[in-house]
Trainee: 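The structure follows.
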2 protein chains.
Amino acid sequence: MTNRFVDKLNGFSKLRSEEVAALFAATAQAKEIPIKTDLIREGDQPGPVLVMLKGWACRYKILPNGTRQVLAYLMPGDCCDLHIGLLAEMDHSIQVITPALVATIGRLEMDEIMDQHRGIAKAMYLAQLIDEGIMRAWITSMGRRSSVERVAHLMCELYLRARNIGLIDGDELELPLSQLLLADSLGMTPVHLNRVLKVLRESQAMIISRGTLNIKDPRKLVKIAGFDENYLHRRLRVTV
Amino acid sequence: MTNRFVDKLNGFSKLRSEEVAALFAATAQAKEIPIKTDLIREGDQPGPVLVMLKGWACRYKILPNGTRQVLAYLMPGDCCDLHIGLLAEMDHSIQVITPALVATIGRLEMDEIMDQHRGIAKAMYLAQLIDEGIMRAWITSMGRRSSVERVAHLMCELYLRARNIGLIDGDELELPLSQLLLADSLGMTPVHLNRVLKVLRESQAMIISRGTLNIKDPRKLVKIAGFDENYLHRRLRVTV
DNA sequence: CGGGAGATTGAACGAGTTCAACACACGTGG
DNA sequence: CCACGTGTGTTGAACTCGTTCAATCTCCCG
């Protein structure tokens, strides 16, 4: 059986077979989670590390005025913060946005695994660095890109991340994100997001419909977005 | 002599004396850095961990169209990403914005210190979690707060962070950030930032002038910002 | 077939940008 | 010691991107 978490970490730098085995063991008993379930809520005391094996989730925060900001997307293979257990309480929530399969790794177990398997530790640190890079890219987008550029940039990011973990079928990506969710990710109104999608559709760059993203003209989309994939850190340092 | 890096880590959970000594030793030979020097640039291969002992710096990114987005501020005691050495290249730059005193800790040395001193390792992980919380707060601000709220929120954050490391003198904070820099942090125009500062000044909430932030009415400012300090994680988990 | 959530469109409005001019402080050289 | 230049801060007026509000449409699922 495939395990996208193992695949992802293994993709950073070849893990040894016992490391792969350890990861399999740690994520063996996963749970099916129904759509729109909060895995953890702002204010909760953090528990074990959450690992997405199937399905998507998002980090989000609800402001006092009732608006929501999506902070990140978790795709299959992604996991929540490594050392999260050190905190007294969560400063944001995580919700599953499709039916999902989620494994949990207790803090002690995680520590032990990382102590014994330096390759895993390294891969986990890399994953975290990449997540930070993604956050910085979001800040950059929100601060300095127009709404069209912002949408295009997010789509480039999601497409590449999905491709990196083998989620792409042809040039289409199953994208289970409603326009409301996307709007809350990009700091804009659902109405305006809808209009932006129309612009991108009519410019033949990309089409989102019925839950699938179809990139018609990758080069054009990348150009609109001003997308530079360096922040996803696919090229890793070889001399370690 | 004081060492703000040690103070900061020590503030998370009391370090043992040999841990303090190890940190002192690691940051003993620091360098004076002139203002506006890039400590590291986008595209560079990351080197040692950088530790700010005196002065401020900022992470930033220049977009193809020439605009700049500030991604974070580093204050005395802060350091750049722990495992940065794993990456092939930087996805952003870090620049000193005041004359500064910066120490560097090589990757191997850092690894060794963290292996031998679990208290330091824990404190470093906490620092990183807090930095991530700050990034998420920035995303939230950019996405869902008005310009006045955004400015107020950032000032609350900087004030609290400064206070946490004992940088506050009375109710004033020496804030070496030009309006241009602030505008580039908050995703707005210098002109508009200036108008927002005027609004906040006239509402008697806070005044920035000649490089100092003076919070006239903390309660009002917090209310304007919708500020909740939970993301700075001062309250830590006791049962570890 | 009916209900409800998400998607789409129009028109008026408003927050923030743009461009341009001017003020002010500070450091440097004459 | 003043003159000057440069970077930073301040203000006005026109403009524009994105919001708001409200109506309608589509699709899916029971």
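Throughout, protein chains are lettered first and strands after them, A, B, ... in sequence-line order, and every chain is numbered starting at 1. Side chains included, hydrogens not; waters and symmetry mates left out as well; all remaining heavy atoms used.
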Trainee: Take atom CD1 of A:Ile208 and atom P of C:dA7, then tell me their distance rounded to the nearest Å.
Mentor: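 My rounded result for the distance is 10 Å.
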Trainee: Applying a 4.0 Å non-hydrogen cut-off, can you work out what B:Leu197 is touching in the nucleic acid: base, sugar-phosphate, or nothing?
Mentor: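 Contact class for B:Leu197: none.
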Trainee: When the nearest nucleotide of DNA chain D is assigned to B:Val191 and to B:Arg144 on a heavy-atom basis, which residue is associated with the more 5' position?
Mentor: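 Residue closer to the 5' terminus by nearest nucleotide: B:Val191.
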Trainee: Just how far, in rounded Å, is C1' of D:dT8 from CD1 of B:Ile35?
Mentor: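 So the CD1-C1' distance, B:Ile35 to D:dT8, works out to 13 Å.
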Trainee: Over how many whole Å does the gap from A:Leu177 atom CG to C:dG6 atom P extend?
Mentor: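 Rounded to the whole Å, the gap is 13 Å.
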Trainee: Roughly, in whole Å, what's the span from NZ in A:Lys198 to P in D:dC25?
Mentor: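 After rounding, the reported distance stands at 15 Å.
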Trainee: Return the value, rounded to whole Å, for the distance between atom NE2 of B:His192 and atom P of D:dA13.
Mentor: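 To the nearest whole Å, that distance equals 17 Å.
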Trainee: Report the distance from atom CG of B:Leu186 to atom P of C:dT17, rounded to the nearest whole Å.
Mentor: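 Roughly 11 Å, once rounded to whole Å.
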Trainee: Would you kindly give the CG-to-P distance between B:Leu181 and D:dT8, to the nearest whole Å?
Mentor: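 The distance from CG of B:Leu181 to P of D:dT8 comes to 10 Å, rounded to the nearest Å.
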Trainee: Would you give the length of the straight line joining atom SG of B:Cys79 to atom CD of B:Gln128, rounded to the nearest 0.5 angstrom?
Mentor: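 The distance works out to 8.5 Å.
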Trainee: For the pair A:Lys61 and A:Asp91, find out whether any cationic side-chain nitrogen is under 4.0 Å from an anionic carboxylate oxygen.
Mentor: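 No, no charged N to carboxylate O under 4.0 Å.
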Trainee: Once you round it to whole Å, what is the distance between C1' of C:dA12 and CZ of A:Arg195?
Mentor: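 These atoms are roughly 11 Å apart.
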Trainee: For B:Asn194 and A:Leu193, take the nucleotide of DNA chain D holding the closest heavy atom to each; which residue's nucleotide lies nearer the 5' end?
Mentor: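 Per heavy-atom nearest nucleotide, the more 5' residue is B:Asn194.
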Trainee: Give one of base, sugar-phosphate or nothing for A:Thr189, where a contact means two heavy atoms less than 4.0 Å apart.
Mentor: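 Base, at least one base atom sits under 4.0 Å.
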Trainee: So A:Asn214 and A:Glu172, side chain to side chain donor-acceptor pair (under 3.5 Å) or not? Walk me through it.
Mentor: CA-CA 5 Å; A:Asn214 192 325; A:Glu172 292 203 340; 2.7 Å; yes
